[in-house]
Asks: 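Shown below is the structure under consideration.
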Amino acid sequence: MTDALLTADAAGAPDPRRGRTADFEARVKKRNAAEKRFRFYGRLAIFVALAFLVTLLGRIVSQGYHAFTAYEVSLPVYIDPLRVDRANPMGANYDALIAEALLAKIGAPNDELGENLLAAQELVSTDLGFNLLDQIRKDPNLVGKTLTLKGPVKADAQLYLKHEIKRETAEGDRKISDQQMDWIDKLEKAGVITGGFNTRFFTASDSTEPEQAGVLGAIVGSALMLFVTALLAVPTGVLAAVYLEEFAPKNRWTDLIEVNINNLAAVPSIVYGLLGLALFINWMGVPRSSPLVGGLVLALMALPTVIIATRSALKAVPPSIREAALGVGASRTQTVFHHVLPLAVPGVMTGVILSLAHALGETAPLLMVGMVSFNPGIPESVTSAATVLPVQVFIWETASERAFHEKTAAAIMVLIGFMILMNLLAVIVRRKFERRW
Amino acid sequence: MVWIVLVLLTALSALAYGLGRRKAKAAGKGHSRPNYQGAYVALWAVVPAGLLLAVVLVFGGRIEHAMLSADAPAAVAELPSEQQEVFYGDARALAAGKATSGTYDFGPLKAHLDAKAAQSARQHQIFLTAAIGLAIALALGGFALAFSRLKPDFRARNRVEGWVSGLLIACSTLAVLTTIGIVASLAFEAFRFFQSVSPLAFLFGTEWSPQIAMRTDQVAADGAFGAVPLFAGTFLVMLIAMIVAAPIGLYSAIYLSEYAHKTSRGVIKPLLEVLAGIPTVVYGFFAALTVGPIFRAFFNWVGAQTGGPLGDYLMQVQNQMALTAGVVMGIMLIPFVSSLSDDIINAVPQSLRDGSLAMGATKSETIKNVVLPAALPGVMAAMLLAVSRAIGETMIVTMAAGLQAKLTLNPLETVTTVTVQIVTLLTGDQEFDSPKTLAAFGLGLTLFLVTLTLNVIAMRVVQKYREQYD
């Protein structure tokens with residue numbers, strides 16, 4: 001600065017207002033520009049990060065919301081006694097029967113080669129045929145009567161109804177022919193095909209047919225697995241934290257435990273999967289792909305986070321509480337379990353809920369313990385084969401049928417919905433019960 | 001079965017507690033309150049028996065298995081070891097009235113199988129009776145011992161608190177046991193793998209094709225398990241991820257901690273945390289079905305514009321490539337880098353900033369020349385932690401990077417990573433003893449050691465740095 005003043009004459013005309021040179025002004029301008037640029041980079045970085053978030057969520061909603069509506073067909077079918085044998089209902093071709101009824105509704109003839117029949121069969125789910133067989137096996141007297149069948153429209157036809165397969169696409173590139181499209185339009189006009197909320201998505205489990213697949217099995221599997229995780233990780237994690245925070249002497253052993261906990265929190269999740277495979281499945285013989293083994297693995301994973309959260313909750317309880325309890329003659333154990341821990345419960349709960357929410361979204365270690373398997377049923381207990389929501393997402397994502405893509409996005413929406421619920425719960429617990437000293 | 005035992009144990013503890021309490025009350029005022037006297041009796045009655053039953057539950061199967069295979073008939077002893085395992089497993093399944101696994105056909109050994117099944121059923125009966133009998137004896141013995149000790153001046157509270165602190169120590173030891181478990185299981189299986197494939201060939205081999213080595217005439221041929229292409233792929237994806245995450249994460253941390261108004265910080269920080277809370281499988285889905293096709297369309301379009309050999313190459317770019325996985329992983333790491341750097345920048349004392357500003361430096365000059373150099377070790381540690389995260393991340397690369405093991409640094413090629421190979425080697429049905437599945441543990445051990453080293457270095461630096469300003 002003094003330099004600039006001394007050389008003012010040499011550098012150029014002095015500024016009449018402040019006695020500054022043009023050279024000085026130029027440098028200030030440059031520095032201010034650098035300042036502005038730097039701030040802009042910061043803003044840009046945040047904008048980019050948030051733009052990624054919006055794109056990510058927006059893409060998932062735009063891909064998945066279609067899966068929450070579904071088209072059902074409601075079709076009266078005459079059970080021809082000539083075609084269905086009362087004594088042996090298994091022998092009849094129900095799919096053909098349904099397809100014929102459908103053709104009759106459309107008003108298209110059944111040609112000799114049966115091509116129309118096959119084309120019509122491709123419009124409705126195979127579920128209808130199985131359903132009809134079940135009904136007739138239960139009550140053979142239905143033969144000769146007209147039954148109204150209800151069931152989902154086949155996935156590809158649904159994609160057309162939802163305008164995801166468009167007529168403009170070349171006929172060879174899509175799975176629905178022009179003729180089938182005309183038929184679908186006709187059926188929709190006639191009220192045979194109606195759209196509505198997709199309840200099946202929430203009441204069915206995985207299926208090879210996209211239109212019949214749902215997430216109930218995965219939700220139940222996730223719930224069972226989280227139950228196991230919570231049952232194991234919460235008590236051990238909380239007690240370990242109580243020991244480390246309230247009782248542990250400062251020595252090598254506790255230092256080792258601390259270093260261990262911090263390291264475990266940063267071990268890649270897939271390594272826990274390998275541990276689960278070697279230890280729980282191969283060595284202890286816990287059943288593969290069961291919520292039990294998944295819960296065990298996730299409990300080990302969640303343990304460090306539960307410990308860290310509990311310790312910070314315990315740290316927040318002021319020492320005056322401890323001193324008061326000790327002062328009136330309580331033992332250290334009594335002090336901790338009667339006074340300190342109850343006061344730390346809201347903080348512990350918040351931490352526990354958040355780490356369980358994290359466990360809910362974990363996928364990689366579960367692939368190792370065999371949870372990536374096709375499970376068409378709802379798991380009955382913690383030892384039966386099951387799948388969980390994030391793994392269901394993975395399974396559907398790798399499926400080749402296009403109709404599974406929207407199911408995948410919808411399953412992600414369900415998964416994120418549950419995670420948001422758990423986070424909200426944590427926020428509510430914190431707001432409602434947290435005490436500040 | 002498990003539930004019945006649990007209910008019985010609970011009932012027993014309640015009974016023991018009640019009896020102990022009554023005796024203490026009847027004896028009059030003493031050292032410890034009756035509750036503690038009761039709890040002392042209950043603990044002695046239930047814990048030893050419960051521990052025994054837990055051990056039986058966890059290890060019973062293996063003990064029975066060992067007992068069953070102790071005296072193998074000559075015909076069975078000749079079988080390869082994995083078939084013997086299945087044989088005894090089938091025998092135990094038959095004894096329990098379940099279907100056999102059907103992995104091997106033991107046609108000629110059917111008589112042996114039935115004999116072993118009968119033996120297993122007998123054994124199971126004896127084993128179970130012995131376990132239950134021992135548990136009952138332990139429970140009654142513990143109860144009698146503790147009950148007889150109760151006197152007014154007996155220090156039951158101190159004893160109970162001793163039990164409690166024992167439990168606390170056991171729980172905190174679990175963290176160490178987990179680490180030991182990880183290291184032991186990885187090292188044990190990896191050791192078995194390195195018996196058939198030499199560690200040098202594994203670490204420095206440049207050809208990775210575990211599928212070929214599955215052929216019976218070529219079991220574990222050296223050279224098929226060269227992991228260098230996997231390391232290269234992992235490195236490439238990590239590098240791309242860090243190129244995306246490091247600047248965006250660091251700049252947003254700087255902006256949030258130095259420039260942003262309190263209210264906008266209160267909005268932006270939670271939003272970034274949302275990004276951190278999204279499950280990785282969702283990122284994988286996003287990479288595979290959104291980012292991949294966009295990149296592919298873009299490069300194909302560029303290829304169509306440029307033409308020539310480069311254009312031809314760009315026209316053939318696929319959805320699955322290192323770039324897709326790397327960019328999406330970078331997005332995933334932004335909040336991680338940002339929140340760690342934020343903490344570190346906030347830990348730089350305000351006096352340093354004030355000093356620099358007082359000398360006439362602008363805010364950005366203060367940040368660039370004073371705050372960042374002071375925070376540099378911490379920021380580097382944060383980056384190391386992010387690198388360790390990127391190396392261990394599984395779902396994004398599994399869904400978006402591909403499976404072909406290529407030794408390349410071209411981000412437009414499909415590459416494969418260590419974690420992807422672990423997943424592909426271990427999902428699906430195969431025997432557990434083949435070098436193919438064991439190779440996954442070799443990879444897992446490498447992964448664990450590398451990430452552990454990175455974490456330890458990073459945590460040391462962070463700790464040291466924190467102490468510097470505290």
Side-chain angles (χ1 to χ4, degrees), chain A residues 31-32 34-35 38-39 41-43 45-46 48-50 52-53 56 59-60 236 239-240 242-244 247 256-257 260-264 266-271 274-275 277-279 282 284-285 300 303-304 307 331 333 361 363-364 367-368 372 390 393-394 397 405 408 412 415-416 419 423, chain B residues 58 61 157 161 164-165 167-169 171-172 174-176 178-179 181-182 185-186 189 247-248 251-252 254-255 259 268 271-272 274-275 277-282 285-286 288-290 331 334 362-364 385 388 392 394-395 399 419 422-423 426-427 432 441 444 447-448 451-452 455-456 459:
Chain A
R31 286 171 67 195
N32 284 343
E35 169 74 28
F38 192 74
R39 191 182 296 216
Y41 291 150
R43 286 221 175 103
I46 285 178
V48 169
L50 294 184
F52 278 139
L53 177 67
L56 177 67
R59 266 300 280 179
I60 282 158
T236 45
L239 291 181
V242 164
Y243 177 73
L244 291 174
F247 292 97
L256 177 74
I257 294 177
N260 248 300
I261 289 167
N262 286 331
N263 274 330
L264 282 179
V267 166
S269 59
I270 195 167
V271 170
L274 289 172
L275 170 71
L277 177 62
L279 182 66
N282 287 333
M284 287 193 195
L300 289 184
L303 196 63
I307 292 177
S331 71
T333 316
T363 321
L367 302 182
M368 301 287 94
V372 52
V393 168
F394 177 66
E397 195 274 331
H405 290 178
T408 316
I412 287 175
L415 173 64
I416 291 183
M419 296 183 83
N423 278 285
Chain B
V58 175
R157 193 187 77 186
E161 287 179 354
V164 170
S165 62
L167 175 70
L168 293 181
I169 293 174
C171 284
S172 59
L174 200 64
V176 180
T178 311
T179 309
I182 290 175
S185 61
L186 288 181
E189 307 289 355
I248 298 181
Y251 267 112
S252 51
I254 290 171
Y255 186 82
Y259 286 106
I268 295 168
L271 280 177
L272 283 182
V274 171
L275 209 53
I278 291 173
T280 51
V281 70
V282 177
F285 175 75
F286 181 62
L289 286 180
T290 304
I331 299 174
I334 290 172
T362 64
K363 210 158 183 185
S364 66
L385 283 178
S388 140
T394 311
M395 294 319 294
M399 291 157 93
T419 48
I422 295 177
V423 169
L426 285 181
T427 48
F432 192 71
F441 285 90
L447 179 68
F448 177 72
T451 52
L452 184 73
N455 293 338
V456 168
M459 278 175 210

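Below, chains carry the letters A, B, ... as their sequence lines are ordered, and counting in each starts from 1.
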Asks: Between Val423(B) and Met368(A), which heavy-atom pair has the shortest distance, and what is it?
Replies: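 For Val423(B) versus Met368(A), the nearest heavy atoms are CA-CE, 3.6 Å.
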
Asks: Can you check whether Pro268(A) reaches Leu447(B) side chain to side chain, under 4.5 Å on heavy atoms?
Replies: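 Of all side-chain heavy-atom pairs linking Leu447(B) with Pro268(A), at least one is under 4.5 Å.
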
Asks: Determine whether the side chains of Thr290(B) and Arg59(A) contain a donor N or O and an acceptor N or O closer than 3.5 Å.
Replies: yes

Asks: I need the Cys171(B) SG to Tyr243(A) OH distance, nearest 0.5 Å.
Replies: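 Answer for the SG-OH pair, Cys171(B) versus Tyr243(A), is 11.5 Å.
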
Asks: Is a side-chain donor or acceptor of Glu189(B) paired with a backbone partner of Ala278(A) at a separation under 3.5 angstrom?
Replies: no

Asks: From Ile261(A) CD1 over to Leu174(B) CG, what is the distance, rounded to the nearest 0.5 angstrom?
Replies: 10.0 Å

Asks: Which region of Ile412(A), side chain (C-beta onward) or backbone (N, CA, C, O), has a non-hydrogen atom less than 4.5 Å from a non-hydrogen atom of chain B, or is it both or neither?
Replies: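 For Ile412(A), the side chain is the part near chain B, not the backbone.
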
Asks: Atom CZ in Phe52(A), atom CG in Leu272(B): separation rounded to 0.5 Å?
Replies: 12.5 Å

Asks: Relative to chain B, which segment of Met284(A) carries a heavy atom at a distance below 4.5 Å: side chain, backbone, both, or neither?
Replies: both

Asks: Might you point out which heavy atoms bring Asn260(A) and Ala175(B) nearest each other, and give the distance in Å?
Replies: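 Answer, listing the atom of Asn260(A) first, then Ala175(B): OD1-O, 4.0 Å.
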
Asks: Let's test your reading of the structure: which of Ile307(A), Leu244(A), Asn262(A) forms the most heavy-atom pairs below 4.5 Å with chain B?
Replies: Asn262(A)

Asks: Could you grab the distance from atom CD1 of Ile46(A) to atom CD1 of Ile268(B), nearest 0.5 Å is fine?
Replies: 4.5 Å

Asks: Would you mind telling me which of Pro390(A), Ala49(A), Ala240(A) has the largest number of heavy-atom pairs within less than 4.5 Å of chain B?
Replies: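 Highest number of heavy-atom pairs under 4.5 Å: Ala240(A).
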
Asks: Do you know which two heavy atoms are closest between Ser388(B) and Ala266(A), and how far apart they sit?
Replies: OG-O, 4.3 Å

Asks: Can Arg157(B) and Ser331(A) be said to form a side-chain contact (heavy atoms from CB on, under 4.5 Å), step by step?
Replies: CA-CA 9 Å; Arg157(B) 193 187 77 186; Ser331(A) 71; 3.7 Å; yes

Asks: I need the minimum non-hydrogen distance between Thr362(B) and Arg31(A), along with the two atoms involved.
Replies: N-NH2, 3.9 Å

Asks: Chain B heavy atoms under 4.5 Å from Glu397(A): which part of the residue, side chain, backbone, both or neither?
Replies: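 For Glu397(A), side-chain heavy atoms alone lie under 4.5 Å from chain B.
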
Asks: Taking atom types as modelled and ignoring hydrogens, do the side chains of Arg43(A) and Tyr255(B) form a donor-acceptor contact shorter than 3.5 angstrom?
Replies: yes

Asks: Which pair of heavy atoms, one from Ala364(A) and one from Thr394(B), lies closest together, and at what distance?
Replies: CB-CB, 3.6 Å

Asks: Name the region of Leu186(B), side chain, backbone, both or neither, that has any atom closer than 4.5 Å to a heavy atom of chain A.
Replies: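 Answer is side chain: those atoms of Leu186(B) sit under 4.5 Å from chain A.
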
Asks: Between OG1 of Thr363(A) and CE of Met395(B), what distance do you get to the nearest 0.5 Å?
Replies: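 Thr363(A) OG1 to Met395(B) CE: 5.0 Å, rounded to 0.5 Å.
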
Asks: Do you know which of Asn263(A), Leu367(A), Val242(A) has the most heavy-atom pairs with chain B at a distance under 4.5 angstrom?
Replies: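 Counting heavy-atom pairs under 4.5 Å, the top option is Asn263(A).
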
Asks: When only pairs under 4.5 Å are counted, which of Leu279(A), Val48(A), Leu56(A) shares the most heavy-atom pairs with chain B?
Replies: Leu56(A)

Asks: Looking at Leu452(B), Ile182(B), Thr280(B), which makes the most heavy-atom pairs under 4.5 Å with chain A?
Replies: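 Among Leu452(B), Ile182(B), Thr280(B), the one with the most close pairs to chain A is Ile182(B).
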
Asks: Using non-hydrogen atoms only, which part of Leu264(A) is less than 4.5 Å away from chain B: side chain, backbone, both, or neither?
Replies: side chain

Asks: Flag the one option from Gly392(B), Pro247(B), Ser364(B) with the top tally of heavy-atom pairs under 4.5 Å to chain A.
Replies: Ser364(B)

Asks: With a 4.5 angstrom heavy-atom cut-off, could you sort out which part of Phe394(A) is near chain B: side chain, backbone, both or neither?
Replies: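 Both backbone and side chain.
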
Asks: Find the distance between OG1 (Thr236(A)) and CG (Leu167(B)) and round it off to the nearest 0.5 Å.
Replies: 9.5 Å

Asks: Do you know the tightest heavy-atom contact between Gly444(B) and Leu274(A)?
Replies: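 Answer, listing the atom of Gly444(B) first, then Leu274(A): CA-CD1, 3.6 Å.
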
Asks: What verdict does the side-chain contact (heavy atoms from CB on, under 4.5 Å) test give for Ile254(B) and Phe38(A), after you've listed the backbone C-alpha separation in whole Å, the side-chain angles of each residue and the deciding distance to 0.1 Å?
Replies: CA-CA 10 Å; Ile254(B) 290 171; Phe38(A) 192 74; 3.8 Å; yes

Asks: Quick check on the interface: out of Val282(B), Thr451(B), Ile334(B), Val164(B), who has the most heavy-atom pairs with chain A under 4.5 Å?
Replies: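 So the answer, after comparing Val282(B), Thr451(B), Ile334(B), Val164(B), is Val282(B).
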
Asks: Between Leu303(A) and chain B, with a heavy-atom cut-off of 4.5 Å, which part of the residue counts as in contact: side chain, backbone, both or neither?
Replies: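 For Leu303(A), the side chain is the part near chain B, not the backbone.
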
